Amino acid sequence: MDRFTWSNGLLEMNETLVIQQRGVKLYDGEDKAKLDVGIALLSTHQLIWRDLKNNECCIAIPLSQIIYFEEQAAGIGKSAKIVIHLHSAPANKEPGPYQQSKFSYIKLSFKEHGQIEFYRRLTEELSQKRWESTPMSQPIPTATDSQTGRTRAVGIVGIERKIEERRKETDKNISEAFEDLSKLMVKAKEMVELSRSIANKIKDKQGDITEDETIRFKSYLLSMGIANPVTRETHGSGTHYHLQLAKQLGDMLLAPLEERGGMMVLTEVYCLVNRARGMELLSPEDLVNACKMFESLKLPLRLRIFDSGVMVVQLQSHSEEEMISSALDNVTDKGSLTAEEFAKMLGLSVLLSKERLLLAEKMGHLCRDDSVEGLRFYPNLFNSQA
Amino acid sequence: MHRRGVGAGAIAKKKLAEAKYKERGTVLAEDQIVQMSKQLETFKSNLEEFASKHKQEIRKSSQFRVQFQDMCATIGVDPLASGKGFWSEMLGVGDFYYELGVQIIEVCLALKHRNGGLITLDELHHRVLKGRGKFAQDVSQDDLVRAIKKLKVMGNGFGMIPVGGSYLVQSVPAELNMDHTVVLQLAEKKGYVSVSEIRESLKWERERACHVLDHLLKEGLAWLDSQASGEPQYWLPALFSELTSRDVTPEEANQITP
């Protein structure tokens, strides 16, 4: 931590802010720095840290001082960190928060996450070295080892060597993972091609494919994550899995739907269902495919798509005429209504109350007054009093 | 007698078809399906082996996730299509992104009353991280983008608008065409825009500029400051910096908009 100098935190003319992250605590080597949690800012030239509560307290270090940095994964009760190894401070360094330190590295502890992006940007800046091409007005003290004593230089070399080894090891793990992944992908590609060939044959009605075989084929596609190109659909793009899902949803959604006036936006259903499951979550596509099967399974729910593109699940018992006449009644009662007002009255979301008003308008029962003050609906007097 | 005739005839017809196909060297679809089933079993065990060795890479390394997704896209496979897919089940990629989807929806919903359903990717990122808490796994902006792409299929108007080097995330089905997008991009620098700025930078007529701004007002994406010195300013809450905005809890948001 003795490499840092006090700073006003302002950027120079040629300097740009790259990324900033709140909730960062500094470590002097292994020890917590005697500073609070603050904001870490990365520019093209420096690494700056500012105390969140006391804005005056601001320190910085030039990026050229950084030898190497690495990630330290989070643990139980410990935030993820970035460990930054530094050159020794030059003799002409300006004063900073620490006079001296027995460590030649610091850590940034990310208490509010954000380490992935920060790490990525730091990597970019250190490889681009933009500070070299656009020097700041004050000369940055360049790091030289020539002034340091022999023993310190040896220490640094030792650290650098260990870092290199560890990096090679990590690289090896990653590249091994990628190698294995590539082999896997080759096999997956074969399966994709095979499935395309099968799909074409089914489309051209070659051979004698049974319904059973088609269903089986679809489940293979599902397992592999291959889009279903088969146009002849028995149950939509659904499979046995989606059938089961549809039945589960049929049970699970009855009560919530009743509570919400018989209709729920699909994204709300998605959140509700997945929060309840906790794990083995549904993908958005799983949900849509399952909902498409409600009708064929004769379940009392329907998937419905409004003109605006909004998708909802609604109770089949929920009659359209009821919705429209209730909308008309409410609007006539109050003289006029906006979607927000209607939503408050019914205890529905603004989105759904808007859809009801639009539906009533589509059927000719309401007229709109569209202005910058908002969209307001009136009873259609042309209709009723014509 | 009648039955035997039909039986024999059908079998003979099938044999004839098979022979014809074999002649042309075409493999029957049924046979291919059987073949695929076998290959699938092999693939499944390969994937299991891969998962046992490298599952952590996917969890920890955002870079690895990006590569993985790109490779899948290249060969025509969508690992996030279904929670029942092998990729999801064995590598655990699914749960990660689907849960992220839930968190994104919730953040957008909580802030909709304020920004009309438009939020910068940066702000979304910060808020999602905050909501996930200290002990959760970190997520990158690339992860968010992929999760949002998946949410589109549920038809609620999720989309991304490129603005100033990053994105605005739209979570309501408001129609935004090229004109609207360009004005949003213009407003990005200061958080607001005026009619004369639009006319100067984009060389539009007054009507066109006003039409676009009116639409943004109506959709709740822009707020009008008619007391600004000079001419009225149109502010975009989505572009307000975090320092000048106050956090609203989901409960508060529910009270404001049922």
Side-chain angles (χ1 to χ4, degrees), chain A residues 73 79-80 111-117 174 177-178 180-181 184-185 187-189 191-192 194-195 197-198 201-202 206-209 213 216-217 220 222-227 241 265-267 270-271 274-275 279-286 288 305 308-311 343-344 347 350 372 375, chain B residues 14 28-30 32-33 35-37 39-40 43 46-47 50 53-54 57 60-62 64 67-68 71-72 75-88 94-95 98-99 101-102 105-106 129-130 132 134-135 138-141 150-151 153-157 173 214 217-218 257-258:
Chain A
S79 314
K111 302 221 156 301
E112 291 181 26
H113 292 298
Q115 69 272 13
I116 294 186
E117 280 303 315
I174 297 258
F178 277 128
D180 288 347
L181 186 66
L184 208 64
M185 289 297 171
K187 299 217 171 71
K189 184 154 191 225
M191 310 253 298
V192 173
L194 182 59
S195 75
S197 167
I198 297 174
K201 292 189 177 142
I202 293 180
Q206 283 181 25
D208 222 358
I209 318 275
E213 281 166 331
R216 250 193 305 141
F217 177 56
Y220 298 161
L222 187 74
S223 300
M224 283 301 299
I226 301 172
Y241 168 62
V265 182
L266 203 59
T267 45
Y270 177 76
C271 291
N274 275 339
R275 283 254 176 249
M279 42 184 271
E280 287 181 17
L281 306 179
L282 299 184
S283 76
E285 273 155 80
D286 285 337
V288 173
I305 306 176
S308 60
V310 172
M311 292 170 91
K344 270 211 181 90
V350 178
V372 288
L375 180 58
Chain B
K14 190 161 190 221
L28 289 172
E30 306 93 277
Q32 279 187 318
I33 292 181
Q35 184 191 355
M36 187 166 184
S37 157
Q39 279 192 354
L40 210 76
F43 184 80
N46 285 337
L47 188 57
F50 179 86
K53 281 206 291 187
H54 301 295
E57 299 307 330
K60 286 194 304 185
S61 164
S62 143
F64 191 79
Q67 284 277 38
F68 168 72
M71 280 172 138
C72 286
I75 62 170
V77 158
D78 181 3
L80 299 181
S82 170
K84 205 75 172 88
F86 286 161
W87 309 98
S88 181
D95 277 7
Y98 306 149
E99 187 183 7
V102 171
I105 292 171
E106 289 178 342
L129 283 180
K130 209 150 155 208
R132 282 168 76 89
K134 292 193 207 177
F135 303 111
D138 194 3
V139 302
S140 69
Q141 290 196 351
K150 280 286 131 194
L151 292 178
V153 78
M154 293 194 289
N156 211 44
D214 276 354
L217 274 182
K218 282 183 194 171
T257 326

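Since this is a predicted model, take the numbers as computed values, not measurements. So you know, we letter chains A, B, ... as the sequences are listed, proteins then strands, and number each from 1. These values consider heavy atoms only, across backbone and side chains, with no hydrogens, waters or symmetry-generated copies.
Put simply, the side chain of B:I33 reaches to within 4.5 Å of the side chain of A:I198, judged on heavy atoms. Between B:K150 and B:D78, some side-chain heavy-atom pair lies under the 4.5 Å cut-off.
Only the side chain of B:K53 comes within contact range of chain A, with at least one heavy atom under 4.5 Å from a heavy atom of that chain. Contact of A:V310 with chain B is made through backbone and side chain together, with heavy-atom distances under 4.5 Å. For B:S37, the parts lying under 4.5 angstrom from a heavy atom of chain A are both the backbone and the side chain. At a 4.5 Å heavy-atom cutoff, A:L375 makes no contact with chain B through either its backbone or its side chain. Both the backbone and the side chain of A:K189 come within contact range of chain B, each with at least one heavy atom under 4.5 Å from a heavy atom of that chain. Neither the backbone nor the side chain of A:S79 comes within less than 4.5 Å of any heavy atom of chain B. For A:N274, the part lying near chain B is the side chain, with the backbone staying farther off; criterion is any non-hydrogen pair under 4.5 Å. Both the backbone and the side chain of B:F64 come within contact range of chain A, judged by heavy atoms closer than 4.5 Å. Of the atoms belonging to B:I105, it is side-chain heavy atoms, and not backbone ones, that fall under 4.5 Å from chain A. When heavy atoms are compared at a cutoff of 4.5 Å, A:A80 does not approach chain B at all. For chain B, the nearby part of A:Y241 is the side chain; its heavy atoms alone come within less than 4.5 Å.
Formation of a donor-acceptor pair under 3.5 Å by the A:E117 side chain with backbone atoms of B:Q141 is found in this model. Side chain of A:S283 to main chain of B:A81: a donor-acceptor pair is present (N/O by atom type, distance under 3.5 Å, no hydrogens or angles).
Ranked by non-hydrogen atom pairs under 4.5 Å with chain B, the options A:L266, A:V288, A:I305 are led by A:L266. The candidate with the highest count of non-hydrogen atom pairs below 4.5 Å against chain B, out of A:Q115, A:E112, A:R216, is A:Q115. No other option in B:V139, B:L217, B:D95 has as many heavy-atom pairs under 4.5 Å with chain A as B:D95.
No more than 12 heavy atoms of other residues, nucleotides or ligands sit less than 6.0 Å from atom CD of A:E280.
B:Y98 and A:Y270 have their aromatic ring centers separated by at least 6.0 angstrom.
The structure places NZ of B:K84 at 10.0 Å from CG of A:D286, a figure rounded to the nearest 0.5 Å.
Checked against side-chain contact (heavy atoms from CB on, under 4.5 Å), A:S197 has the following partners two or more places apart in sequence or in another chain: A:K201, B:Q32.
Between B:W87 and B:F43, the ring planes are perpendicular. Angles over 60° get that label, and only those under 30° would be called parallel.
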